[in-house]
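Just so it is clear, the model here is predicted, and its values are computed rather than measured. In what follows, chains carry the letters A, B, and so on, assigned in the order in which the sequence lines appear, proteins first and then strands, with residues in each chain numbered from 1.
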Amino acid sequence: MTPIVETRGLTKSYGPFQALEALNLTIEPGVVFGFIGPNGAGKTTSMRILATLLEPTAGEAWVGGYSVTRESRGVRQVLGYMPDNFGVYDNMKVWEYLDFFASAYGLPRSRRLGLIDDLLALVDLSEKRDGYVEALSRGMKQRLCLARTLVHDPQLLILDEPASGLDPRARVELRALLRQLGALGKTVIVSSHILTEMADICDHVGIIERGRLLASGPIEELLRQVQTSRSVLVRLIADARLGDEAVAERVRTIPGVLGVEIEPLAATLRGAPAVVAMEGTRARALSQIIPGEAGAPPHLQPVPSALPPEIAGGSATDQRLAAAASAAPARLVRIDFDGDDYRLYQLLGELLTRGLPVYGFTEEVGDLEDAFMRITRGMVA
Amino acid sequence: MTAMTADTAASPGATPPGGEESPRWNRAQGMLAKELRGRMRGPRAFVVLSFYLLFLAGFTLLIYFLAKLSAASDPTTPIGKPVFLGLVAFQLGLVCFLAPSFTAGVISGERERQTYDLLMTTPLSLMLIVAAKLFAALAYVFLLIIAALPLLAISLFLGGVAPEEVAIAFLMLFASALLFGTIGLCFSAWVRSTIGAAALAYGAMLVPVVALPIVAATGFSFLAAILSGSNSNNPSPTVSAAIFYLGGFILSLNPFIAGGLTEAIIYSNESLFFFTISNPFGSGSGTVFVIGPWIIYTVTALIATVFFFLLSLRLARPTRGGGRRRGTPAQS
């Protein structure tokens, strides 16, 4: 498949300052691509070059197969661009604003009128059709500008910080709109500082710093790349017969396990007996905040049983476990593990074989913020 | 919310079915409509035009009564001429000041409003954008000139004014509007702020209108003093001819002087296009043909208009950024 965006050695310098350094980037059609990086990293510079607003110092870029330096007219036909700071023509009505940009793409009047109504419906501004642009709120102007980028049904949308300056409600609405555009099959390049939003909207990201692309690809793949090992969270039901050391010993000897960390689960804190079973600073801290059942704060009050009634009233073993649970905390075991999915499956089997009362087994996947912090290493001041 | 349908989202640049306008025509029409709408929307344009005509009518009446008073001693003197000259001079002054102020904000204003990038990422050609903006800005100036036509027509009825004079006056007014308009446009493309562009445009406008006659008058007086002081060393005919033509050309670059000289030539019953001067370089130097000053001014103004327009296109290119913008890194 021909990439919708491709850059090769794209470089932009302003005198001695290098805003972009040999950027090599490929974005496939239909992808919602998040461009993330600190201020001054080169995101806007890259986007402006792709939008034919800036000439690169070296290298080349293609949008929809058109060269941004030699075929800017072709690029503009397949591209919808929304800059981070943009203005609107205040002395125009909302429909006139869209009508002007639709005419700029050569659409005949007969098509423009229906198109404007559709676009206004898409961005939820139908009731503002005949109002003046100057009367719109910032969020509405942002949506109107987004509608403007869609007038010619572009293959690619480049949105530079589209959510900046918006209130929480407008941000949520914009996020929903971007997801909708992704669902419509548009390729979207979006930049933002809010990584949780990016993780929510995008399926691919590129992390850029000091003009260099540090990492690029699908989010899941990127997160996996930055993790040196897999982290597995195992939940054990409360069992007073098993001490932390015994649990750790049984887990540590399983092939592929690199490290074990055990902590009690707050939901099953039992007061004094549980605290006794713990060691170290965590136990001391807990003994200070939970002097006993009577003195525990409401959200840390003991629960009647760590086991569901159907298990507690089951077999003799289950009943013994249930009795033991009443005097011990449930545990959360964090296992640092090296292995593929099959080895992971084998790990679960081993845990059960070794008599550990597992009721929860999940792989902990890091988030975009973790990946960003690891990759960028805070190189930009 | 509803999804955009495929049939309404027309493919870019597609040739519409027979009977519909071409994409190029749609672009030109849309750009012109946007610019003219921006200029003419609201009561401002109507109010300015009304007050302008009221003021001009009052000015015409004043000249009329003054001319009538002076003609009382000599009833044969036609009073149409002073009315015509007064009105044209007033309009010329107005064009010199209004045209640059109307165009000084056309490109810098887009940059200030942060709408320039939006325009530049459309398939609209830079030529179309700049030309449409210039046309819309000057259309209002042209409207002011044409709206005064009935008042000028009064001078025809009052006598002493030929229709050719009115035609030449209009030609010079339009040429002046184009010249000073493109000067404003050029600075608007070069400088980021509209105020800065307007200040520079006024400065540039004052060069031919004010500075040139002063410098020329001073220079020629100085030259004449030198030449008259050295009788033993009279300048050669070539030097005299050069001084004569250069002086005539420089003076013709000022619209007021060019217009005044043209009136003087018409008054002496010479041709509108060429006139003759006998012995301009001393006795025995013969008769020379000289092109009418209004032709020199109009042609020079039109050539300068083309130059400033092309320069504006170059300065308005987004990838060049224009003057101070160049070398400014993007935010992130």
How would you list, by chain and number, every residue that makes a ring-ring contact (aromatic ring centres under 6.0 Å, His included) with B:Phe59, sequence neighbours excluded?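 For B:Phe59 the ring-ring contact (aromatic ring centres under 6.0 Å, His included) partners, ignoring immediate neighbours, are B:Phe90.
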
Which residues pass the ring-ring contact (aromatic ring centres under 6.0 Å, His included) test with A:Phe33, not counting sequence neighbours?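 Once residues adjacent in sequence are excluded, the partners of A:Phe33 under the ring-ring contact (aromatic ring centres under 6.0 Å, His included) criterion are A:Phe35.
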
So which of B:Ser125, B:Gly30, B:Pro123 has the biggest tally of heavy-atom pairs under 4.5 Å with chain A?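 So the answer, after comparing B:Ser125, B:Gly30, B:Pro123, is B:Pro123.
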
Taking atom [atom1] of [X] as the centre, does the number of heavy atoms from other residues, nucleotides or ligands within less than 6.0 Å exceed 12?
| X | atom1 | result |
| --- | --- | --- |
| A:Lys141 | NZ | yes |
| B:Ile195 | CD1 | no |
| B:Met40 | CE | yes |

Report yes if the side chains of [X] and [Y] come closer than 4.5 Å at any heavy-atom pair, otherwise no.
| X | Y | result |
| --- | --- | --- |
| B:Thr121 | A:Leu53 | yes |
| A:Ser103 | B:Lys34 | no |
| B:Arg37 | A:Tyr89 | no |
| A:Arg109 | B:Asn26 | no |

Apply the side chain to side chain contact (heavy atoms under 4.5 Å, CB included) test between B:Thr122 and each candidate in A:Tyr81, A:Phe100, A:Tyr105; give the one that qualifies.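 Testing B:Thr122 for a side chain to side chain contact (heavy atoms under 4.5 Å, CB included) against A:Tyr81, A:Phe100, A:Tyr105 leaves exactly one candidate, A:Tyr105.
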
Find the one option among A:Asn91, A:Leu120, A:Ile208 whose heavy-atom pairs under 4.5 Å with chain B are most numerous.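 Of the candidates given, the most pairs with chain B belong to A:Asn91.
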
Only pairs of heavy atoms separated by less than 4.5 Å count here; which of A:Val88, A:Leu79, A:Leu181 has the most with chain B?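 Heavy-atom pairs under 4.5 Å are most numerous for A:Val88.
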
Hey, are A:Arg48 and B:Asp117 close enough for a salt bridge, meaning a charged N less than 4.0 Å from a carboxylate O?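 Result for this pair is yes, salt bridge flagged.
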
Is B:Arg41 in contact with chain A via its backbone, its side chain, both, or neither, using a 4.5 Å heavy-atom distance?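 Looking at B:Arg41, just its side chain touches chain A.
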
Which atoms of B:Glu110 approach chain A - backbone, side chain, both or neither, heavy atom under 4.5 Å: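 Contact with chain A involves the side chain of B:Glu110 alone.
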
side-chain contact (heavy atoms from CB on, under 4.5 Å) between B:Met120 and A:Thr52, intermediate numbers included: CA-CA 8 Å; B:Met120 289 298 115; A:Thr52 71; over 6 Å; no

For A:Val75, is it the side chain, the backbone, both or neither that has a heavy atom under 4.5 Å from a heavy atom of chain B?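 For A:Val75, no heavy atom lies under 4.5 Å from chain B.
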
Counting only heavy atoms closer than 4.5 Å, note whether A:Met92 contacts chain B via side chain, backbone, both or neither.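 Interface part for A:Met92: both.
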
Polar side-chain atom of B:Arg24 near backbone of A:Gly106 as donor-acceptor pair, under 3.5 Å: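 It does not hold such a pair.
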
